[in-house]
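Letters go in sequence order (proteins before strands), and every chain restarts at 1. Predicted model only: the values in this text are computed from it and were never measured.
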There are 2 protein chains.
Amino acid sequence: MDEKVTQDTPRPRTIEEIAAEIGVSVTTVRLVINGQAERYRISARTRQAVEAYVAKHGYVVDHAGRSLKLRRSDAVGCIVPDLANAHFARLIAQLEERCRNRGLVLLTASTHEKPERERQTISGLLARGVDGIIISPCEQPEPARFVRRGQRNVATVVIDRAFPKTLFPTVVGDNEASARRLTGQIMAESGGDVFFLCARPEMPSIAARIAGFTDAFGAAGASERLLTDPEDDSASSGHRLMADLLARLGRPPKSFISSSLLILEGAIQALVDRFGSVPRDIILGTFDYHPLMELSSNRVLSVRQDTLRIADVAFTCLVDAMEKGSDEASSPVHVIPGALFADRQRLPE
Amino acid sequence: MDEKVTQDTPRPRTIEEIAAEIGVSVTTVRLVINGQAERYRISARTRQAVEAYVAKHGYVVDHAGRSLKLRRSDAVGCIVPDLANAHFARLIAQLEERCRNRGLVLLTASTHEKPERERQTISGLLARGVDGIIISPCEQPEPARFVRRGQRNVATVVIDRAFPKTLFPTVVGDNEASARRLTGQIMAESGGDVFFLCARPEMPSIAARIAGFTDAFGAAGASERLLTDPEDDSASSGHRLMADLLARLGRPPKSFISSSLLILEGAIQALVDRFGSVPRDIILGTFDYHPLMELSSNRVLSVRQDTLRIADVAFTCLVDAMEKGSDEASSPVHVIPGALFADRQRLPE
DNA sequence: CTGTTAGCGCTTTCAG
DNA sequence: CTGAAAGCGCTAACAG
């Protein structure tokens, strides 16, 4: 009746509709659509009929039906403390790229360091039937939370935070070693007048950085140069820590290290609030890198994580676990070395 | 047989399993699980039986089955040029928050300004059955690409880029007005020696900024102060533009405006490459804000978008379109005013 | 080479 | 107040 559909009609069809309209079976249609026409030697005529139809009207699979049948969603979830954080944003961008290449789709969510939210998010993703989860957890990840209907646990990879004896494959930066190098360098340059500002010291990644700092500084006196704030990793935390430090010293420190970009931001604002600008001779040490740091005329020593490799390794582990089955996958901790930069120059090991 | 499942057994059950195990019908189970026990006056006994079972073994819906039946996924997609870009990362973080509050899940993807990828992504999301799409498009968004099986078009909201006569609701910053203000201010402060560095001038948001710049500068001479690069918005673009400018002038400009943070980053690196550091007296003008700018001892004039409100309005539009049906929804262009800051201080209108 | 059929887990009538 | 049955679109096993 409506022969005159010019080019592509809006409404995509189901396999059944296509089969009915060109008078073949769903199997046939499915085989040519899925490119298995060769393998099953579908006759050229029928194949062309299907192809013509699809070319004209288009066809997109309905993943709902597909997932239901296959018990597989071709989706993976990524849970991080904060999507807006540059480090995680980069990571997600990298992961999305890799997912796309494998026909996977990425679901993202932030926890804002709230265990309760983290749990809800995990079970939300599970309800969605994700085939894998990459998580930067804010509490010890319990395998019991990652169980999927019917099957074994979802493939899970932990990033960024190596909680003690985690059962999942884990990919982290070499926080302790980096902190040691950074601290050593900054002490050499500042004559030892250095402070370490950090939030959430109980998080494994931060704990490792603290350990590296303490080690390099020397146990004696390190503790009073370590300013911690149990709160959320945030600019306001950094502001508070720096304000406290300034109050205590009555002068700017010769150098300080911040445990994250957000802490650095806050610390800088506190310095600007107090002195009108960042005193030029302070040496800034920081974890995580952002190109805008280059704006500073201060000396900046930064530890840059190898986000690309972290994403790579994490994704590889995930795919591995998805294929092997999460339970059989080994659970190594992959430590990805970072690089120490002085301004724009990479320092040799 | 296995009576002794202590607390929570791993494998979540289906509604049918639950019904079978406690000897009632699926309808009954579903009613109490969905909290409709009251409405249908399920007897206290059966309800408690179900509740006890669920408390013990847990239950999470399977969205695959649910979506298939309801033709609705409770998922929305967000497509942006680059997830790692601070502006979009913030936006996504805000959107995810709002989605979570409504029981929606967010799928994210970047296009890297490639129309081909954008199209694939759209149809990928459609195949996933998303109920809505928020997109910052890199080409004119054709309604024909947003058709969903069976029903009308997916609810769609365009952000960031107002392509001419778009049929979808659109939420953008007030690029032209902001550019006019920024240019006026920077000219006043630099005596008129200003240049505008931008990538992808044909993108509507950039075009609007150029229009504002040209308008404020005065048509005469504006064109030779406008440096554009058709390529991807990127640091390397910014580097090239600034390098060209320096070659042309033989000296640093008194001030320049960059159309994005990435351009700014590149421009800064070019300055550092050439002069060893960013000459202190250059006034920096830029769109999009990042707290690390504070690090600069240069004067910084920045236009800050109201990301939070953009996310709010966009999400509201989306929900609206999802409820009303995309086709009937009106397609207004919402212009969200930005704010002009000089260093850390907001300038009055 | 092609067709038939059952069933994934859920919701929704429609009957009791 | 509760149960039975159909069907969303897809795939896989089995028949021809």
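Heavy-atom distances to DNA chain D give each of B/Val24 and A/Leu68 a nearest nucleotide, and the one nearer the 5′ end belongs to B/Val24. When each of A/Lys69 and B/Thr28 is assigned the nucleotide of DNA chain D bearing its nearest heavy atom, the one mapping closer to the 5' terminus is B/Thr28.
Spacing between atom CZ of B/Arg72 and atom P of C/dG9 amounts to 20 Å, rounded to whole angstrom units. With rounding to whole Å, A/Leu70 atom CG is found 11 Å from D/dA13 atom P. As rounded to whole Å, 12 Å separates atom P of D/dT2 from atom CD of B/Gln48.
Side-chain atoms of B/Thr316 never come within 3.5 Å of backbone atoms of B/Ala314 as a donor-acceptor pair (strictly under, hydrogens ignored).
Each of C/dT11, D/dA12, D/dC10 was ranked by its minimum atom distance to the side chain of B/Ile15; first place goes to C/dT11.
The existence of a salt bridge linking A/Asp74 and A/Arg102 is excluded, since no basic side-chain nitrogen approaches an acidic carboxylate oxygen closer than 4.0 Å. A salt bridge links B/Arg119 with B/Glu139: at least one charged nitrogen is closer than 4.0 Å to a carboxylate oxygen.
When the side-chain nitrogen and oxygen atoms of A/Thr14 are compared with OP1 and OP2 of D/dG9, none of them lie within a distance under 4.0 Å. At the phosphate of D/dT2, neither OP1 nor OP2 sits under 4.0 Å from any side-chain N or O atom of B/Arg30. OP1 or OP2 of C/dC10 sits under 4.0 Å from a side-chain N or O of B/Tyr59. Regarding contacts with the backbone of D/dG9, a side-chain N or O of B/Arg71 is found under 4.0 angstrom from either OP1 or OP2. Taking 4.0 angstrom as the limit, B/Arg66 places none of its side-chain polar atoms (N or O) nearer than this to OP1 or OP2 of C/dG9.
Counting non-hydrogen atoms under 4.0 angstrom, A/Thr46 reaches the backbone sugars and phosphates but no base.
A donor-acceptor contact under 3.5 angstrom links the side-chain atoms of A/Thr27 to the base of C/dT4.
Taking the centre of each ring, A/Tyr59 and A/Tyr53 stay at or above the 6.0 Å mark.
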